[in-house]
Amino acid sequence: DWLEQVEGAASKANVHFGWQKGEAWSYRRTAYANMAKLLHEAYGLPIAVEDHKLVYGREPPESRHLEMKVTPAMTESAREARMARDMYSN
């Protein structure tokens with residue numbers, strides 16, 4: 001699903017996730033590349049790699065270096081929990 005949505009999601013900022021324009025490209029970038037590779041190698045589905053290359057090939061150069069290391073908190077409670085964790089882990 002994300003492969004079909006990433007380009008549109010990256011075209012604008014997302015206040016809910018705290019992303020700036022273009023940052024959606026970095027959401028699970030490595031994981032999706034690995035999933036495409038797995039689908040090709042383990043299940044004989046080369047279209048997974050082809051589609052991944054097609055979609056991510058349209059990514060603008062200015063966002064290709066971005067890597068989102070932590071999935072965004074989806075709710076206010078999750079954001080508060082993350083802030084509390086970060087405050088006490090330092």
Side-chain angles (χ1 to χ4, degrees):
D1 286 345
W2 184 245
L3 195 57
E4 297 172 347
Q5 298 174 29
V6 64
E7 191 170 10
S11 70
K12 57 190 172 294
N14 184 317
V15 178
H16 183 70
F17 294 132
W19 294 345
Q20 299 302 312
K21 181 179 176 180
E23 289 182 343
W25 287 108
S26 68
Y27 176 68
R28 303 196 72 211
R29 175 194 306 279
T30 303
Y32 287 114
N34 289 338
M35 283 187 258
K37 182 179 176 185
L38 174 71
L39 288 168
H40 173 54
E41 293 175 358
Y43 299 100
L45 297 169
I47 193 167
V49 172
E50 294 164 11
D51 283 353
H52 183 272
K53 285 181 181 178
L54 179 70
V55 171
Y56 277 86
R58 293 192 296 262
E59 180 181 3
E62 57 269 12
S63 62
R64 291 184 180 178
H65 72 283
L66 299 175
E67 182 181 357
M68 191 176 302
K69 295 188 185 274
V70 177
T71 299
M74 303 292 179
T75 64
E76 186 60 34
S77 296
R79 283 187 281 282
E80 290 172 4
R82 185 170 288 164
M83 286 173 43
R85 179 203 63 197
D86 292 347
M87 185 171 74
Y88 290 105
S89 65
N90 290 332

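The shown structure was predicted, so the numbers you read here are calculated from the model rather than taken from an experiment. The figures here come from the full heavy-atom set of this structure, side chains too, leaving out hydrogens, waters and symmetry mates.
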Among residues two or more places apart or on two chains, list those pairs meeting salt bridge (Lys or Arg N to Asp or Glu O under 4.0 Å) that have a residue in residues 11-25. none
With sequence neighbours excluded, residues passing side chain to side chain donor-acceptor pair (under 3.5 Å) with E7: R58
How would you list all residue pairs meeting salt bridge (Lys or Arg N to Asp or Glu O under 4.0 Å) that involve residues 66-81, not counting sequence neighbours? E67-K69, E76-R79
For E62, what residues pass the side chain to side chain contact (heavy atoms under 4.5 Å, CB included) criterion, not counting sequence neighbours? P60
Contacts satisfying side chain to side chain donor-acceptor pair (under 3.5 Å) that involve residues 30-47 (not counting sequence neighbours) are none
Which heavy atom in D86 sits nearest to a heavy atom in S89, and how many Å separate them? O-OG, 3.3 Å
Picking from D51, L38, L39, what satisfies side-chain contact (heavy atoms from CB on, under 4.5 Å) with L45? L39
When hydrophobic residues are tied together by side-chain contacts of less than 4.5 Å, even through go-betweens, does V49 share a cluster with L3? no
Set of salt bridge (charged side-chain N to carboxylate O under 4.0 Å, His left out) partners for E4, sequence neighbours left out: none
Taking only distance into account, with no hydrogens and no angle test, what donor-acceptor pairs under 3.5 Å do side-chain atoms of residues 13-20 form with protein atoms, sequence neighbours excluded?
from: N14; atom 1: OD1; to: H16; atom 2: N; distance (Å): 2.9
from: N14; atom 1: OD1; to: F17; atom 2: N; distance (Å): 2.9
from: H16; atom 1: NE2; to: M74; atom 2: O; distance (Å): 2.9

Applying side chain to side chain contact (heavy atoms under 4.5 Å, CB included), name anything that partners V6, two or more places apart in sequence or on another chain. W2, W25, V55, Y56
Taking side chain to side chain contact (heavy atoms under 4.5 Å, CB included) as the definition, give me every residue that meets it alongside A31, ordered by chain and number, with sequence neighbours left out. R28, M35
Kindly give the heavy-atom pair with the smallest separation between A36 and H52, and that separation in Å. CB-CB, 3.9 Å
What pairs with R64 under side chain to side chain donor-acceptor pair (under 3.5 Å), at least two apart in sequence or on another chain? none
Test side chain to side chain contact (heavy atoms under 4.5 Å, CB included) applied to E50 - qualifying residues, sequence neighbours left out: P46, I47
Side chain to side chain donor-acceptor pair (under 3.5 Å) partners of E59, counting only residues at least two apart: R29, S63
